[in-house]
There are 2 protein chains.
Amino acid sequence: MNVQLLNKKEAIFESTLKLINEHGFHGTPMSQIAAHANVATGTIYHYFNSKDELILELFKYCREKTNEHIFNFDEDLVYKDRFFYIWNRLVDYYLTHKETFWFIEQFYSSPYYELIKQKKTTYYGVDKMYLFFEEGIKSGIIRNVSFYTLISVYIGSATSHVKMVTYGFCKMQSKSREDLIEIIWNGVKNQ
Amino acid sequence: MNVQLLNKKEAIFESTLKLINEHGFHGTPMSQIAAHANVATGTIYHYFNSKDELILELFKYCREKTNEHIFNFDEDLVYKDRFFYIWNRLVDYYLTHKETFWFIEQFYSSPYYELIKQKKTTYYGVDKMYLFFEEGIKSGIIRNVSFYTLISVYIGSATSHVKMVTYGFCKMQSKSREDLIEIIWNGVKNQ
DNA sequence: ATTTAGTAATTGAACGTTCATTCGGTTGCA
DNA sequence: TGCAACCGAATGAACGTTCAATTACTAAAT
């Protein structure tokens, strides 16, 4: 465990991530998080006011890390290539950071998300996706449908795929992946 | 199982569903479930051995109810119509039973699902979907891709749409819905 | 270069509460 | 009369949070 090498706050984040994945929000006491991160229980309260705040901050931390990864591409690529690239980067990131993926999923479908939703701060990732789809529509490459329709099909398929793979249902990963983004592209492109 | 018994058990189910949606797995004590269902705390333990078992049984109950609803269609419809019909029935059911939807989502992304996954019982819904997609592939109507690819895109888009709507992000519901299943169909159909 | 003082980080035992589960007793029905 | 359904106070373990005490760091003063 190289958790010790990170700074205390990140160690707490990483330990929380791991333990919540194994035992859920309710099944991971602060004392266990502290033990796993090699800090005292009280130390967590130096960085976070409560368990809820810790989980909220961890969610933002995970979301940022994910966004940093997927929007890191060559601007010169043609639209279709970027369409495939971003999707594949997202799937890659989630498959190599399954704990992040499942934590985000768990968070989104829990009552915690209500707390974030209130603050209508448009965050980096959504903005980026919006601009990307807008570009595709304006240039006539993809169909003129609402942003949320595009997000549903683009992100929805990616997360479903990751779920299938991590559940162990999906045998031929790479073939399925290629088929899947191909299907989305076919459905979304104009004509 | 007599009628009285069924009522109490269903009351417990419905109360658990409602409260877990509001406060999450951890935030809903057995005492609250009991109070909401108008039974004594001890009574829950007459029907279920533990809180975990209650949640597991509730999951199966929700999944069954959903499947009953979506596969209830006219066998004479042409394939494309059934493709649209089943998807719309699923979206309809989830939008009119949001608590069921969110409970299932919460369950799937929590460690609870591991407990169900172990028992490799193929259940009604998956069988039905498998046969439906197999028919489409064999008759050459939809592309020959793996079952899990089709499921990812078909179910993934439906759940993403329901999320968007219940989060309040998606304004023009019915237009988005039509666009969305249209996109999926375009992506999946042959040629 | 060393001291000093002030601040931030850290500790973990202790506290008070909450909650899942139990159990001895009661009710209602066959 | 017997048995299943039902009740809810009691139990005890677990957990989030607090806090008084300790250590580590920073930088100004000597």
All N/O pairs under 3.5 Å across the protein-nucleotides 18-21 of chain D interface:
none

Exercise. Does S31(A) or A40(B) map to a spot on DNA chain D nearer the 5' end, using the closest nucleotide for each?
Worked result: A40(B)

For this session: Could you tell me which residues satisfy salt bridge (charged side-chain N to carboxylate O under 4.0 Å, His left out) with K65(B), sequence neighbours excluded, listed by chain and number?
Result: none

Exercise. Is any side-chain N of the basic residue among E22(A) and K18(A) closer than 4.0 Å to the acidic one's carboxylate O?
Worked result: yes

Exercise. Side chain to side chain contact (heavy atoms under 4.5 Å, CB included) with E64(A): which residues, sequence neighbours excluded?
Worked result: none

Problem set entry | Distance below 4.0 Å between H46(B) side-chain N/O and dA5(D) OP1 or OP2 | yes

Exercise. Angle class for the F132(A)/Y79(A) ring planes (parallel below 30°, perpendicular above 60°, tilted otherwise)?
Worked result: parallel

Seminar exercise, completed: Across all chains, not counting sequence neighbours, the side chain to side chain contact (heavy atoms under 4.5 Å, CB included) partners of A37(B) are A11(B), I12(B), S15(B), V39(B)

Problem set entry | Any residue meeting ring-ring contact (aromatic ring centres under 6.0 Å, His included) with Y167(A), in chain and number order, not counting sequence neighbours | W102(A), F169(A), Y113(B)

Problem set entry | DNA chain C-proximal residues of residues 15-28 of chain B, any heavy atom under 4.0 Å | T28(B)

For this session: Would you please name every residue forming a side chain to side chain contact (heavy atoms under 4.5 Å, CB included) with D74(A), sequence neighbours left out?
Result: D76(A), L77(A)

Exercise. Thinking salt bridges, do R82(A) and E135(A) make one under a 4.0 Å N-O criterion?
Worked result: yes

Exercise. Would a line drawn from the ring center of F13(B) to the ring center of F48(B) be shorter than 6.0 Å?
Worked result: yes

Exercise. Which residues pass the salt bridge (charged side-chain N to carboxylate O under 4.0 Å, His left out) test with K128(B), sequence neighbours left out?
Worked result: none

Seminar exercise, completed: Sequence neighbours excluded, the answer for ring-ring contact (aromatic ring centres under 6.0 Å, His included) partners of F83(B) is Y154(B), W185(B)

Collect all protein-nucleotide pairs involving nucleotides 22-24 of chain D in which both atoms are nitrogen or oxygen and the distance is under 3.5 Å.
none

Seminar exercise, completed: By side chain to side chain contact (heavy atoms under 4.5 Å, CB included), H46(A) pairs with (sequence neighbours left out) none

For this session: Inspect the contact between K9(B) and E57(B) and indicate whether a charged nitrogen and a carboxylate oxygen are less than 4.0 angstrom apart.
Result: no

For this session: Name the first nucleotide and the last nucleotide along DNA chain C (5' to 3') that come under 4.0 Å of a heavy atom in chain A.
Result: dA9(C) to dG12(C)

Exercise. At under 4.0 Å between heavy atoms, what does F48(B) touch on the DNA or RNA strands: base, sugar-phosphate, or nothing?
Worked result: nothing

